[in-house]
Amino acid sequence: MGTAVDDADAAEFHAFFEAHYAELARLAHMLTGEADAADDLAADAFLALWHRWDRVRAAEHPLAYARGVVTNMARTRIRSAVRERRRITLFWSHRGERTDGPDIPAVVDVQGALRQLPFRKRACVVLRHSFDLSERDTAQALGISVGTVKSQTSKAMAELGRILGTEETPVRIRAAVATGRTGGRN
């Protein structure tokens, strides 16, 4: 039987979950590019948040803390996938079967271009332009300085411009990333 404090904690956590699960799942989707894994990643993040609920609740900005947990878990997932791809590539390279690389389509999808960015740059663009976070809130979610957010976002937008090969890249990217707000809702 739980105590009144345990029940109050559970109720408070449940309210936090209800209010923020969809947003954190969208964040996971935008960071990893994997729609199927986004719900699992968000659920794993909430499990971690529950285990540290006393710290989360005591944080100055609990949602920023939660975004940081999702961001770190997404980074870990991406690193794991990269290591796995390298192992597969290494395995197949020893078999003598080589390819010159994938065909490059005439128009690169913005989400595909985002996946080509290093994680921190991608996270800055997604949080700033898809979630409309301020530079300060983005810095807090990622555990970096506001100056780093500014420089990483600027560099990311320039890099996306090169990847997409278009002059109106900032407008296109902001519009395409912003559509991710509604496209990934549960």
Side-chain angles (χ1 to χ4, degrees), residues 9 11-35 37-79 110-111 113-161 163-164 169-186:
D9 286 349
E12 186 179 16
F13 178 79
H14 181 74
F16 184 81
F17 174 88
E18 290 294 326
H20 302 293
Y21 180 82
E23 176 185 345
L24 294 177
R26 283 193 321 274
L27 174 60
H29 179 236
M30 295 296 291
L31 293 174
T32 64
E34 299 175 14
D39 282 331
D40 290 342
L41 192 63
D44 290 346
F46 271 100
L47 180 62
L49 291 169
W50 172 246
H51 288 295
R52 294 184 213 109
W53 185 241
D54 55 333
R55 270 190 255 160
V56 176
R57 185 177 47 210
E60 188 174 336
H61 300 286
L63 182 57
Y65 188 103
R67 286 180 181 136
V69 170
V70 170
T71 302
N72 288 333
M73 288 182 149
R75 179 183 302 121
T76 299
R77 182 179 193 87
I78 290 166
R79 286 179 178 164
V110 171
Q111 285 187 338
L114 280 170
R115 283 191 288 273
Q116 293 179 41
L117 294 177
F119 183 82
R120 184 179 285 176
K121 289 179 184 176
R122 180 182 337 149
C124 286
V125 169
V126 168
L127 289 170
R128 292 280 294 127
H129 298 293
S130 183
F131 286 84
D132 288 328
L133 293 184
S134 68
E135 291 164 341
R136 183 175 159 261
D137 291 340
T138 301
Q140 193 172 33
L142 297 175
I144 58 178
S145 72
V146 172
T148 301
V149 169
K150 289 178 181 181
S151 69
Q152 291 291 296
T153 302
S154 175
K155 289 175 184 177
M157 295 300 277
E159 207 168 317
L160 287 170
I163 293 168
L164 294 170
T169 298
V171 173
R172 279 188 57 207
I173 292 167
R174 287 183 186 108
V177 172
T179 61
R181 282 189 225 136
T182 57
R185 287 196 178 168
N186 294 330

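This chain uses plain numbering: 1 for the first residue, then up along the sequence.
Scored by the ring pair (Phe, Tyr, Trp, His ring centres under 6.0 Å) test, Phe119 finds no partners at all (sequence neighbours excluded). Qualifying side-chain hydrogen bond (donor to acceptor under 3.5 Å, both in side chains) partners for Arg120, counting only residues two or more places apart in sequence or in other chains: none. Taking the side-chain hydrogen bond (donor to acceptor under 3.5 Å, both in side chains) definition, one finds that Asn72 meets it with Arg75, sequence neighbours left out. For Ser134, the side-chain contact (heavy atoms from CB on, under 4.5 Å) criterion is met by Arg136, Asp137, not counting sequence neighbours. When the salt bridge (Lys or Arg N to Asp or Glu O under 4.0 Å) test is applied to Arg77, the partners found at least two apart in sequence or on another chain are Glu34.
Here the CG-CG distance, from Leu160 to Leu117, works out to 4.5 Å after rounding to the nearest 0.5 Å. Distance CG/Leu114 to CE/Met30: 6.0 Å, rounded to 0.5 Å. In this structure, Arg115 CZ and Leu31 CG are separated by 12.0 Å, a value rounded to the nearest 0.5 Å. Distance check: Arg55 CZ to Leu49 CG gives 10.5 Å after rounding to the nearest 0.5 Å. Of the inter-residue distances, the one linking Lys150 atom NZ with Ile144 atom CD1 reads 12.5 Å to the nearest 0.5 angstrom.
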Residues 59-69, side-chain donor-acceptor partners within the protein, below 3.5 Å, at least two apart:
residue, atom, partner, partner atom, Å
Arg67, NE, Glu23, OE2, 3.0
Arg67, NH2, Glu23, OE2, 2.5

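Closest approach of Val149 and Arg128 over heavy atoms only: CG1-CD, 4.0 Å. The two residues Ala156 and Val125 make their nearest non-hydrogen contact at CB-CG2, 3.4 Å. When every heavy atom of Ala38 is checked against every heavy atom of Ala25, the shortest pair comes out as CB-O, 3.4 Å.
In this structure, Phe131 and Thr138 have side chains that are not in contact, with every pair of non-hydrogen atoms separated by 4.5 Å or more. Side chains of Pro118 and Gln152 form no contact here, defined as non-hydrogen atoms less than 4.5 Å apart. Between Arg57 and Phe16 the shortest side-chain heavy-atom distance does not fall below 4.5 Å. Contact annotation: the side chain of Asp9 never approaches that of Asp54 to less than 4.5 Å [non-hydrogen atoms, C-beta and beyond].
Note on ring orientation: taking the six-membered ring where Trp is involved, the planes of Phe46 and Tyr21 are tilted (angle from 30° to 60°). A parallel orientation is assigned to the rings of His14 and Phe17, their planes being inclined by less than 30° (bins at 30° and 60°).
Formation of a donor-acceptor pair under 3.5 Å by the Ser151 side chain with backbone atoms of Thr148 is found in this model.
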Derivation of the side chain to side chain contact (heavy atoms under 4.5 Å, CB included) call for Gln140 and Leu133: CA-CA 10 Å; Gln140 193 172 33; Leu133 293 184; over 6 Å; no
Test side chain to side chain contact (heavy atoms under 4.5 Å, CB included) applied to Ile78 and Arg122, step by step: CA-CA 12 Å; Ile78 290 166; Arg122 180 182 337 149; 3.0 Å; yes
Trace of the side chain to side chain contact (heavy atoms under 4.5 Å, CB included) decision for Leu24 with Leu41: CA-CA 9 Å; Leu24 294 177; Leu41 192 63; over 6 Å; no
